[in-house]
Asks: 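I have a structure here, written as structure tokens, and I will follow up with some questions on it.
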Amino acid sequence: MISIIRTIWKVFLHQFRKRVTIQYPEERASLAPRWRGRIILSRDPDGGERCVACYLCAAACPVDCISLQATEDENGRRYPEFFRINFSRCIFCGFCEEACPTYAIQLTPDFEMAEYNRRNLVYEKEDLLISGPGKYPEYNFYRIAGLAISGKDKGEAENESAPVDVKGLMP
Amino acid sequence: MATIFIDNAPYTVKDGQNLLHACLSLGFNIPYFCWHPALHSVGACRQCAVKQFRDEQDTRGKIVMSCMTPAAEGTRISIDDPDVKRFRRSVIEWLMTNHPHDCPVCDEGGECHLQDMTVMTGHDYRRFRFRKRTYRNQHLGPLVNHEMNRCIQCYRCVRFYRDYAGGRDLDVFASHNHVFFGRHADGVLDNEFSGNLVEVCPTGVFTDKTFKEHSTRKWDLQTAPTVCVHCGLGCNTIAGERYGSLRRILNRYNHEVNGYFICDRGRFGYGFVNSGERIRTPMVRRSKAGKMEPISKEDVLKHLEGMLYFGARVIGIGSPRASLESNFSLMTLVGREHFFAGIPEQEQGLIGRIVDMLSEGPAPAASLKDAEEADAVLVLGEDIANSAPRLSLSLRQAALNKPMEIARKMRIPEWSDAAVRTALQGQRGPLFLATTAVTKLEEIASGVVHAAPDDIARMGFGVAREIEGGARGAALPAGEMSSFARAAADALKNAERPLVVAGTGCGSEAVIRAAAQAARALCSAGKEARLLYIVPECNTLGLGLMTRKHLGDAFRAAGAGPADIVIILENDLFRRADETQVKEFFRGFRQVIVVDQVRTGTTRVADVLLPACTFAESQGTYVSSEGRAQRSFKVYLPEGDIRESWRWMADMAEIAGRPEGKAWRNIDHVVKALAEAMPVFEGIGHAAPQAGFRVNGLRIPRQSHRASGRTAVSADMDVHEPKPPVDSDSAFSFSMEGYEGMPPPALIQRYWSPGWNSVQALNKFQEEVAGPLRGGDPGVRLLAQGSLESPAYSGEIPPPFAAREDSWLLVPLYHIFGSDELSTFSPVIAGLAPGPYIGIGEADMKRLGISEGDAVVVTLPGLSRVLPVKKIAGLPQGIAGMPAGLMPAGWIGLPAWAEMVKKNGG
Ligand code: SF4
Ligand code: SF4
Ligand code: SF4
Ligand code: SF4
Ligand code: FES
């Protein structure tokens, strides 16, 4: 009996507490940048596609919902010919982002992806690629990698010396 | 056997091995780079360090390179000693100071020995803050990609390319930390084994350029064990698929066959599978003059129902590039007496003779391994580097067997590669070549003659007679030839494991008999002689064992009486016989049914065209030149209505009312029926485990446990993932589910082991490193050894070749890229193949007053063709050559006599 009255009293007191439920969608929660929501593919600071199609995100994904095909453009840059994420399978674990060696794939604080039709949750590269660098404004993989691309010859990457002259005789 | 102590525990190992080899065989993980099981040790990379102790009391020990230290009795070492672990970690750290930040864009990534070894040693963070050395890459042709920044200077590439494969155009340049591995200038690598650099190089410097076109990670490839279909040697391969296209071919180790290496035709010839020339749907021609129309599988079977009524007169043409199962199902469908090998009479005669010689003679057929172990070799009439490429690599190693005695005398262990090569001073053992023209192996030969096929045969008989002490056989030919024959006979007599190689290459039956004669002479002299016959296609020998009937018989059968239908299995008759003859043959039938993989001259004249699976999409058994029946498995399911040839045959059999049609539900039924029908094929069921085989109730997965994308690959079409198809023909699954451990040897679909992602994981699949696979090497040898008293040897010794005044004997000349039919459908191979030409020797060119590039009219009875002249070194006077398999429509049965005149105004 006493416990019932105590419960009623406690519930009554809650009326005067600060509210945590917000009136979504009129009101919106502010999400941390590291929130793991809708996945995007970013670009490097030069505007080039960051994804080099190394397949690491696809390998890391526990539900296998990423598939892509690597190819190379006329500048020697590798990029995905297609890149597909099936968000109806994605569990937003963020493993793909963690695996990505170029910071290309990033999870964003956006969760508003509900669809009536599951098919619409299959995102292709056009749906994923954004025009900026996302959370990592500085990183540019090709400036560090040893692969030559047009505009960055051998020896021009960070911390590289000029290509050796194999015919030179100097010690 | 010796007992060694590893971290104080005793182990028994083979005496005289090096410690690295021994430890890897025992299952220990020691990182290494420069050592390779086939290339042995040079001690260049300093990665394989272990600590060696003098005795039990010694606690300090010293660091030694395990690859350079013999595993002698009582050797005490430590792999886990903290000093040596730190040492190994530091070595990797040094190697990595210049290594580019490339893994994500490197084709080696995920199967990189350097990655594996780096993880194994525990080096994880870059401390080096200075600049990285860089290189410019070279263009090495369409097959191999070069990315020199990734080099760790292990020297494996040049040791393979130069020392092992005899290449000249790849070398190491510059000095100190500038050493560079490449060519003196950009250019196509000209060794026929260049593709092995992809597997030999432990890093991503050399990668497969054709794979780069559709690059995929190893973990995503769906793979299965396959058998190379591009020549008669039957090298074992692993083929990998992704997204419905074939992506690459890797070597599959078979201790008895190809060991660690395959040739470039085998590695890069796979493009035909993806080619635009593939036949992808059934087609029918409703009226003789009409066009081909695509039709569905159901409809085409209905269409066939109208023709294959009971009592229809049907003949079948089999194919040396189709599996035993496909050929046998056609044979069953049409009846044995109506089944003919789709091989010209002359060639089928040679093959029949080869079968006789191998099954009746005393010398067993040599495997590639046997060839590698031979200590004296005689080659009659074969340009091996081009007609059976992998064999030339074996013979290059065989040439070192005899001189190895020098090293043995000096007590240099065989694995101490640099020391052995220094001791040998470039000496080679006996290798005698009698060929029609200059061949590549000549650079290491001890004796060479160039002669007409008949003279080559006489030479063989002469050698046999010399060995037998002049008892029988031909008298030795005169001059240069006689000294060659004598030297060859001497060398073979003094060898322990002599080998005689011949084949269908120069089109002479006498050469085949001569080789057998020489081998028999050696056997009666008490030698462990071996005989190896090179045959042109992947199942030539299998078809030869199945039937002796040939295309000529088929033509005659068609001409003899009315026939209704001819069914042609995976065969382009226009490559096998004269155009007019073939057309005439087709005219004799109301319906021409062709089952094939790619569009050919024959598929264009078909009335019903059925799309057949390639090796990558079908399962089948092929008999190699050694008489080894080997099973090849499908890598992936074909698209649409493409089906295995034997399934088309089974369906047609069902329509025709034959009981097999219903009974053959999977390929094991066909295999069983074949084994029962023909005693010679009795053993083929044992070539690999059957469809019902399971390990702990599980199938063997074609996909790796890391295969990615299963819920996204087809999500653009349907968000509901399809159920993986079930393979009714084999123990493999089309998914990543299944038994993750080591499969039985015939079912090895990829090399992987925890911590070993590169092909070097192979060590774990062998009983002993570089030894047989665990569970025995796959394949079943079908040919039993005959006796010394075989009757098959009788036969004429041909008279010496006499050059004619006004005509030339045309012989086939072989090309690694071009002479094989299917691989030329691969764009890269087609790009490397020469065009049609007429090859003429120097003397004849002078006589005809022509020079290279001139046009010449070549005339055979009823056939005339203008061809550009190519100078062929070594061709004897009176002989001219044509590239085998590369002639445009209209076939010329070689050897044949032809007239040649310079084309005026040409
Ligand atoms: S967040 Fe997780 S489940 Fe989603 S794509 Fe990335 S790895 Fe896959
Ligand atoms: S060679 Fe190996 S370690 Fe080097 S970039 Fe390629 S994958 Fe990475
Ligand atoms: S190119 Fe490859 S095989 Fe050759 S030395 Fe460099 S790492 Fe070794
Ligand atoms: S040697 Fe013959 S069987 Fe071996 S890989 Fe080359 S073509 Fe294939
Ligand atoms: S593997 Fe022993 S030193 Fe290279």
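Naming convention: chains lettered A, B, ... in sequence-line order (proteins, then strands); numbering from 1 in each chain.
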Asks: Quick check on Met717(B) against chain A: is it the side chain, the backbone, both or neither that has a heavy atom closer than 4.5 Å?
Replies: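 Backbone of Met717(B) only, per the 4.5 Å heavy-atom cut-off to chain A.
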Asks: Which bit of Asp718(B) is near chain A, if near means a heavy-atom gap under 4.5 Å: side chain, backbone, both or neither?
Replies: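 No part of it gets close to chain A.
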Asks: Is it the side chain or the backbone of Ala162(A) that comes within 4.5 Å of chain B heavy atoms, both, or neither?
Replies: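 Looking at Ala162(A), just its backbone touches chain B.
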Asks: Which bit of Glu72(A) is near chain B, if near means a heavy-atom gap under 4.5 Å: side chain, backbone, both or neither?
Replies: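 Side chain of Glu72(A) only, per the 4.5 Å heavy-atom cut-off to chain B.
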Asks: So do the side chains of Pro101(A) and His101(B) get within less than 4.5 Å of each other, counting heavy atoms only?
Replies: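 Result no, sub-4.5 Å side-chain heavy-atom pair not found.
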Asks: Among Asp153(A), Asp165(A), Leu147(A), which residue has the highest count of heavy-atom pairs closer than 4.5 Å to chain B?
Replies: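 Winner by heavy-atom pair count: Leu147(A).
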Asks: Does any non-hydrogen side-chain atom of Phe130(B) lie less than 4.5 Å from one of Asn159(A)?
Replies: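 Sidechains of Phe130(B) and Asn159(A): no contact.
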Asks: Side chain, backbone, both or neither: which part of Arg78(A) has a heavy atom under 4.5 Å from chain B?
Replies: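 The side chain, not the backbone.
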Asks: Any donor and acceptor pair, going by atom type alone, linking the side chain of Arg136(B) with main-chain N or O of Pro163(A) inside 3.5 Å?
Replies: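 Absent.
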Asks: Look at atom CZ of Phe16(A) and say whether more than 12 heavy atoms of other residues, nucleotides or ligands are closer to it than 6.0 Å.
Replies: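 Yes - once you tally the heavy atoms of other residues, nucleotides and ligands closer than 6.0 Å, there are more than 12.
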Asks: Tell me, side chain or backbone of His176(B) under 4.5 Å from chain A's heavy atoms, or both, or neither?
Replies: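 It is the side chain, since no backbone atom gets that close.
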Asks: Could you tell me which portion of Leu68(A) (side chain, backbone, both or neither) has an atom closer than 4.5 angstrom to a non-hydrogen atom of chain B?
Replies: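 Looking at Leu68(A), just its backbone touches chain B.
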Asks: Taking all non-hydrogen atoms of both residues into account, name the closest pair between Cys65(A) and Ala712(B) and its distance.
Replies: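 Looking at all heavy atoms of both residues, the shortest contact is O-CB, 3.1 Å.
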Asks: Checking Cys61(A) against chain B: side chain, backbone, both or neither under 4.5 Å from a heavy atom?
Replies: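 For Cys61(A), no heavy atom lies under 4.5 Å from chain B.
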Asks: Does any backbone or side-chain atom of Arg129(B) lie under 4.5 Å from a heavy atom of chain A? Answer side chain, backbone, both or neither.
Replies: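 The answer is the backbone of Arg129(B).
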Asks: Considering residues, nucleotides and ligands other than Arg34(A), do more than 12 of their heavy atoms fall under 6.0 Å from its CZ?
Replies: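 Open.
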Asks: Let's test your reading of the structure: which of Val713(B), Asp220(B), Asn137(B), Asn98(B) forms the most heavy-atom pairs below 4.5 Å with chain A?
Replies: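 Answer, by heavy-atom pair count under 4.5 Å with chain A: Val713(B).
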Asks: Do other residues, nucleotides or ligands put more than 12 heavy atoms under 6.0 Å from the CD atom of Glu138(A)?
Replies: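 For Glu138(A), atom CD is not crowded (no more than 12 foreign heavy atoms under 6.0 Å).
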Asks: Heavy-atom distances under 4.5 Å only: say whether Glu124(A) touches chain B with side chain, backbone, both or neither.
Replies: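 When you check distances to chain B, only side chain atoms of Glu124(A) fall under 4.5 Å.
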Asks: Ion pair present between Glu160(A) and Arg131(B), side-chain N to carboxylate O less than 4.0 angstrom?
Replies: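 No, Glu160(A) and Arg131(B) are not salt-bridged.
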Asks: Lys167(A) versus Phe173(B): any side-chain heavy-atom pair under 4.5 Å?
Replies: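 No, too far: nothing below the 4.5 Å cut-off.
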Asks: Would you say the side chain of Val164(A) lies within less than 4.5 Å of the side chain of Phe180(B), judging by non-hydrogen atoms?
Replies: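 No, too far: nothing below the 4.5 Å cut-off.
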Asks: Where on Tyr142(A) is there a heavy atom nearer than 4.5 Å to chain B: the side chain, the backbone, both, or neither?
Replies: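 Interface part for Tyr142(A): side chain.
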Asks: Tell me if the OH atom of Tyr103(A) is crowded by more than 12 foreign heavy atoms within 6.0 Å.
Replies: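 Open: at most 12 neighbouring heavy atoms sit under 6.0 Å from OH of Tyr103(A).
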Asks: Does any backbone or side-chain atom of His705(B) lie under 4.5 Å from a heavy atom of chain A? Answer side chain, backbone, both or neither.
Replies: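 No part of His705(B) comes within 4.5 Å of chain A.
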Asks: Considering only heavy atoms and a distance below 4.5 Å, find which of Met148(B), Arg133(B), Lys212(B), His99(B) pairs most often with chain A.
Replies: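 Most heavy-atom pairs within the cutoff with chain A belong to Lys212(B).
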Asks: Please name the pair of heavy atoms, one in Val122(A) and one in Asp716(B), separated by the smallest distance, quoted to 0.1 Å.
Replies: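 Of all heavy-atom pairs spanning Val122(A) and Asp716(B), the closest is CG1-N, 4.2 Å.
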Asks: For the pair Arg706(B) and Asp64(A), find out whether any cationic side-chain nitrogen is under 4.0 Å from an anionic carboxylate oxygen.
Replies: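 No salt bridge links Arg706(B) with Asp64(A).
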Asks: If you count every heavy atom of other residues, nucleotides or ligands that lies below 6.0 Å from Tyr24(A) atom OH, does the total exceed 12?
Replies: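 Yes, OH of Tyr24(A) has more than 12 neighbouring heavy atoms, counting only those of other groups under 6.0 Å.
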Asks: Indicate the atoms forming the closest heavy-atom contact of Pro104(B) with Phe141(A), along with that distance.
Replies: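 So the two residues come closest at CG-CE1, 3.7 Å.
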Asks: Between Asp102(B), Val179(B), Thr711(B), which residue shows the highest count of heavy-atom pairs closer than 4.5 Å to chain A?
Replies: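 Heavy-atom pairs under 4.5 Å are most numerous for Thr711(B).
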Asks: Using non-hydrogen atoms only, which part of Ile144(A) is less than 4.5 Å away from chain B: side chain, backbone, both, or neither?
Replies: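 Interface part for Ile144(A): both.
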Asks: Shortest non-hydrogen contact from Ala715(B) to Arg84(A)?
Replies: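 Nearest heavy atoms, Ala715(B) then Arg84(A): CB-CD, 4.2 Å.
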Asks: Salt-bridged, Lys154(A) to Glu147(B), with N to O below 4.0 Å?
Replies: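 Between Glu147(B) and Lys154(A) there is a salt bridge, with a charged N closer than 4.0 Å to a carboxylate O.
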Asks: Please examine the side chains of Ser67(A) and Tyr243(B), heavy atoms only from C-beta on, and report whether any two atoms are closer than 4.5 Å.
Replies: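 Of all side-chain heavy-atom pairs linking Ser67(A) with Tyr243(B), at least one is under 4.5 Å.
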Asks: Answer yes or no: is there an ion pair linking Arg89(A) with Glu721(B), defined by an N-O contact shorter than 4.0 Å?
Replies: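 So Arg89(A) pairs with Glu721(B) through a salt bridge.
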Asks: Which answer fits Thr71(A), side chain, backbone, both or neither, if we ask what part of it has an atom under 4.5 Å from a heavy atom of chain B?
Replies: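 Neither part.
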